Asker: 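Take this structure first; my questions come after.
Chain naming here is simple, since letters A, B, ... match the order of the sequence lines and numbering starts at 1 in each. Note that the structure is predicted; figures quoted are calculated from it, not measured.
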There are 2 protein chains.
Amino acid sequence: MTATTPTPSPEAEWLRLDRQICFSLHAASRAFNSVYRVILKDLGLTYPQYLVMLVLWEQGDLPVKKLGEHLRLDSGTLSPLLKRLEAAGLVHRERSARDERSVEVRLTQQGAALKERALEVPRRIVSATGFDVDEIRDLKARLDQLTGTLDAAASEEGTN
Amino acid sequence: MTATTPTPSPEAEWLRLDRQICFSLHAASRAFNSVYRVILKDLGLTYPQYLVMLVLWEQGDLPVKKLGEHLRLDSGTLSPLLKRLEAAGLVHRERSARDERSVEVRLTQQGAALKERALEVPRRIVSATGFDVDEIRDLKARLDQLTGTLDAAASEEGTN
DNA sequence: GGTCATTTAGTTGTGCACAATTAAATCGTG
DNA sequence: CACGATTTAATTGTGCACAACTAAATGACC
């Protein structure tokens, strides 16, 4: 065995760099989540529930499948989440008449009305980031690029 | 003032912008997680477990409290996670003799040995991002700045 | 028309994040 | 020393993410 040298090996350096990167993203995601938690508490929504409502407000009624495509979430995540939104009276779920495999998610009147109260959320979030709109746009572009590359890499690794 | 036009109101535009930002970060975080899941499967670690191991490899044995400070995680998350690492034979938990409130987390020989096999992980992760080291460093800096501002905002909002 | 593959939701089980609470040990102060 | 405040883990409960599986409906092909 070699004695432990004060100067770390190049690979050990990589381990540290790795920790810094993955940790930074992990931390940023949780920090965002935490801010949303505080701001959304008044609306009675969690962050993922808010994402679902945003899609419905923007796109109108959708089957669970389409909702999952927009959010990249599967039924294992959406089914219980939608049940909670239904229990809260914000959405209604109904088997499609045309295709009974499909379940249509519709906003209730209460769910549609909640949009008014949600209008102030984005301003508060953007304000909390301390970034201006251009910086946010730039960061978003990089993150999207990163996600695209990572998704491709994940499916390649998966086929090994 | 203008009547409601087919062009969405400024606030509705913000709702969409907001969805794009928060969603991008959320998606990037999950995409990263997904790549780590594939790469770490061989080591029998999840992504948060890997983070814990990285800290232990870098810092040596630590009490749960210190571990939580490094990772910004509380005992509600760490306790069950550490139990699983202990069940896998990678760490050992022991009440400190000096202060019996504290639990010392120590790497087992097996846990320390796992570092060797983990050395190749960072290279594969960095490769999967498609970014070079400078781009990663830049992204990390932005994310850290974002996290810092968000954390401050969360505690301010919390005191309202 | 009958059979098989596909599509779509839902269920189950595992693991993480976090708030709230509990319990035990320690520390500070009189 | 005694008492109250603080520190530290653990536990409990809720919710999200995802893999693996089930079930039901649909569609395609012979």
Asker: Please find the pair of heavy atoms, one from B:L73 and one from B:L78, that lie closest to each other, and give the distance.
Answerer: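 In this case the closest contact between B:L73 and B:L78 is O-CD1, 3.9 Å.
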
Asker: Return the nearest nucleotide to the side chain of A:E100; candidates are D:dC18, D:dA25, D:dG15.
Answerer: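 Ranking D:dC18, D:dA25, D:dG15 by closest atom to the A:E100 side chain puts D:dA25 first.
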
Asker: To the nearest 0.5 angstrom, please state how far the CG atom of A:L150 sits from the OH atom of B:Y36.
Answerer: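 Here the rounded value is 9.5 Å.
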
Asker: Which nucleotide in the set C:dC18, C:dT11, D:dT7 lies at the smallest distance from any side-chain heavy atom of B:D74?
Answerer: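 Per side-chain heavy atoms of B:D74, the pick is C:dC18.
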
Asker: For B:E69 and for B:R37, locate the closest nucleotide of DNA chain D by heavy-atom distance; then report the residue assigned to the nucleotide nearer the 5' terminus.
Answerer: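 Upstream on the strand: B:E69.
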
Asker: CZ of B:F32 versus P of D:dA17: gap in Å, rounded?
Answerer: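 In whole Å, D:dA17 P lies 18 Å from B:F32 CZ.
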
Asker: If only side-chain N and O atoms of A:S102 are considered, is one of them under 4.0 Å from the OP1 or OP2 phosphate oxygen of C:dT7?
Answerer: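 Answer is no, no contact under 4.0 Å.
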
Asker: If the cut-off is 4.0 Å, is A:K65 near the phosphate of C:dG10, judged by side-chain N/O to OP1 or OP2?
Answerer: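 Answer no for this pair, as no side-chain N or O of A:K65 is under 4.0 Å from OP1 or OP2.
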
Asker: Is the distance between the ring centroids of A:H26 and B:F32 less than 6.0 Å?
Answerer: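 Not close enough - the centres of the two rings lie 6.0 Å or further apart.
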
Asker: What is the distance from atom SG of A:C22 to atom CG of B:L54, rounded to the nearest 0.5 Å?
Answerer: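 Going from SG on A:C22 over to CG on B:L54, the span is 6.0 Å.
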
Asker: For A:Y47 and C:dC18, what is the distance between atoms OH and P respectively, to the nearest whole Å?
Answerer: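 Rounding to the nearest Å, OH of A:Y47 and P of C:dC18 are 13 Å apart.
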
Asker: Would you please confirm or rule out a distance under 4.0 Å between OP1 or OP2 of C:dG10 and any side-chain N or O of A:R93?
Answerer: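 Yes, A:R93 has a side-chain N/O under 4.0 Å of OP1/OP2 on C:dG10.
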
Asker: Please state how far atom NZ in B:K41 lies from atom C1' in D:dA20, giving the value in whole angstrom units.
Answerer: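 These atoms are roughly 13 Å apart.
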
Asker: Go through D:dA9, C:dA17, D:dG15 for me and flag the one nearest to the A:Q49 side chain.
Answerer: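 Within the option list, the nearest is D:dG15.
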
Asker: Check every strand shown and say whether A:L73 touches a base, only sugar-phosphate, or nothing at a heavy-atom separation below 4.0 Å.
Answerer: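 Sugar-phosphate, no base atom in range.
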
Asker: Between D:dA17, C:dG10, C:dA25, spot the one nearest the side chain of B:R101, thanks.
Answerer: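 Side chain of B:R101 sits closest to C:dA25.
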
Asker: Does any N or O donor sit under 3.5 Å from an N or O acceptor when you compare the side chain of A:S75 with the base of C:dG10?
Answerer: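 Under the 3.5 Å cut-off, the side chain and the base do form a donor-acceptor pair.
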
Asker: Quick one: which of C:dA9, D:dG15, C:dC18 gets closest to the side chain of A:T46?
Answerer: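 Selected nucleotide: D:dG15.
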
Asker: Which sits closer to the 5' end of DNA chain C, B:G76 or A:D99, going by the nucleotide each is nearest to?
Answerer: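 Upstream on the strand: A:D99.
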
Asker: In whole angstroms, how far is the P atom of C:dT8 from the CG atom of A:L62?
Answerer: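 Between P of C:dT8 and CG of A:L62: 14 Å.
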
Asker: Which part of the nucleic acid, if any, lies within contact of B:P63, taking any heavy atom under 4.0 Å across all strands shown: a base, the sugar-phosphate backbone alone, or nothing?
Answerer: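 Result for B:P63 = sugar-phosphate.
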
Asker: Rounded to the nearest angstrom, tell me the gap between atom CG in B:L81 and atom P in C:dT14.
Answerer: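 Distance, rounded to whole Å: 16 Å.
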
Asker: Would you please confirm or rule out a distance under 4.0 Å between OP1 or OP2 of C:dA9 and any side-chain N or O of A:K66?
Answerer: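 Looking at the OP1 and OP2 atoms of C:dA9, neither is under 4.0 Å from any side-chain N or O of A:K66.
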
Asker: Which one, C:dA9, C:dC18, D:dA9, comes nearest to the side chain of B:R95?
Answerer: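 The answer is D:dA9.
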
Asker: Starting at CZ of B:R98 and ending at C1' of C:dT26, how long is that distance when rounded to a whole Å?
Answerer: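 From B:R98 CZ to C:dT26 C1': 13 Å.
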
Asker: Quick test of your reading: applying ring-ring contact (aromatic ring centres under 6.0 Å, His included), list the pairs with at least one residue in residues 86-122 of chain A, sequence neighbours left out, ordered by first then second residue.
Answerer: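 Applying ring-ring contact (aromatic ring centres under 6.0 Å, His included) to every pair that reaches into residues 86-122 of chain A, excluding sequence neighbours, yields nothing.
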
Asker: So, for B:H70 and A:F23, is the gap between ring centers shorter than 6.0 Å?
Answerer: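 Between B:H70 and A:F23, the centre distance exceeds or equals 6.0 Å.
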
Asker: Between atom CD in B:E104 and atom P in D:dA10, what is the gap in whole Å?
Answerer: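 Whole-Å distance recorded here is 12 Å.
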
Asker: Given D:dA10, is OP1 or OP2 found less than 4.0 Å from the side-chain N or O atoms of B:S79?
Answerer: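 For B:S79, the contact criterion (side-chain N or O under 4.0 Å from OP1 or OP2 of D:dA10) is met.
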
Asker: Nearest whole angstrom, please: distance from the P of D:dG15 to the CG of A:L51.
Answerer: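 From A:L51 CG to D:dG15 P: 17 Å.
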
